[in-house]
Each structure stands twice: as structure tokens, then as C-alpha cells.
**Q** 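Handing you a structure now.
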Amino acid sequence: MLSLPNKLMGDKKKAGALFVRLVSTAGTGFFYVKKKTKTLITNQTKLEFRKFDPRVNCHVLFKEEKMK
């Protein structure tokens with residue numbers, strides 16, 4: 001019986017995720033980095049979150065942009 005190392009098995013699991021940047025709509029340039037799962041990638045949905053922007057000191061809408 002062959003046993004694969006856990007390192008090889010874990011790499012396949014991580015390959016389905018993609019990192020995206022959530023940029024503040026307040027125009028401050030502040031952003032969060034979030035991992036987008038394979039199911040969200042196949043549905044082609046854009047992420048939008050209401051999160052805290054410390055430069056404006058309140059919660060604002062953050063929209064998805066691609067990582068450069």
C-alpha cells in the first residue's frame with residue numbers, strides 16, 4: 001500500500017482558491033485580502049462586504065478587485 005505525504009494531498013486542496021483584493025469604496029485606497037473559494041469562482045460572483053475602514057473610521061462597502 002502506498003502512502004502519500006500530507007504535503008502533496010494538501011496542495012490539491014489549496015489549488016482551488018484564489019486571492020482577491022477588497023478595495024474600499026470610500027476612495028481611501030485601504031484594502032483587505034480575502035481568499036475566494038472554488039465554488040465562488042465557478043459561479044463568477046463578485047464579492048462585496050461591509051467592513052471597517054480605519055482611514056474613514058466607519059464601516060463602508062468593499063468591492064472585489066483582482067490582485068496585481
**Q** Look at the side-chain heavy atoms of Ile, Leu, Val, Met, Phe, Trp and Tyr, link any pair under 4.5 Å apart, and say whether Val33 and Val23 land in one connected group.
**A**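 Per the 4.5 Å side-chain linkage, Val33 and Val23 are co-clustered.
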**Q** Between Asn57 and Phe52, is there a side-chain heavy-atom distance shorter than 4.5 Å?
**A** yes
**Q** Using the six-membered ring of Phe30, assess whether NZ or CZ of Arg55 lies under 6.0 Å from its centre and within 45 degrees of the ring axis.
**A** no
**Q** Is any side-chain heavy atom of Phe49 closer than 4.5 Å to one of Lys51?
**A**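 Result yes, sub-4.5 Å side-chain heavy-atom pair found.
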**Q** Can you tell me how far OH of Tyr32 sits from CG of Asp53, rounded to the nearest 0.5 angstrom?
**A** 7.0 Å
**Q** Would you give the length of the straight line joining atom CG of Leu18 to atom NZ of Lys34, rounded to the nearest 0.5 angstrom?
**A**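 The CG atom of Leu18 sits 13.0 Å away from the NZ atom of Lys34.
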**Q** With a 4.5 Å heavy-atom cut-off, do Leu61 and Glu48 have their side chains touching?
**A** yes
**Q** Show every side chain to side chain donor-acceptor pair (under 3.5 Å) that has at least one partner inside residues 58-67, sequence neighbours left out.
**A** Lys36-Glu64
**Q** With the side chain counted from C-beta on, respond yes when Phe31 and Leu22 share a heavy-atom pair under 4.5 Å apart, and no when they do not.
**A**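 Answer no - side chains too far apart.
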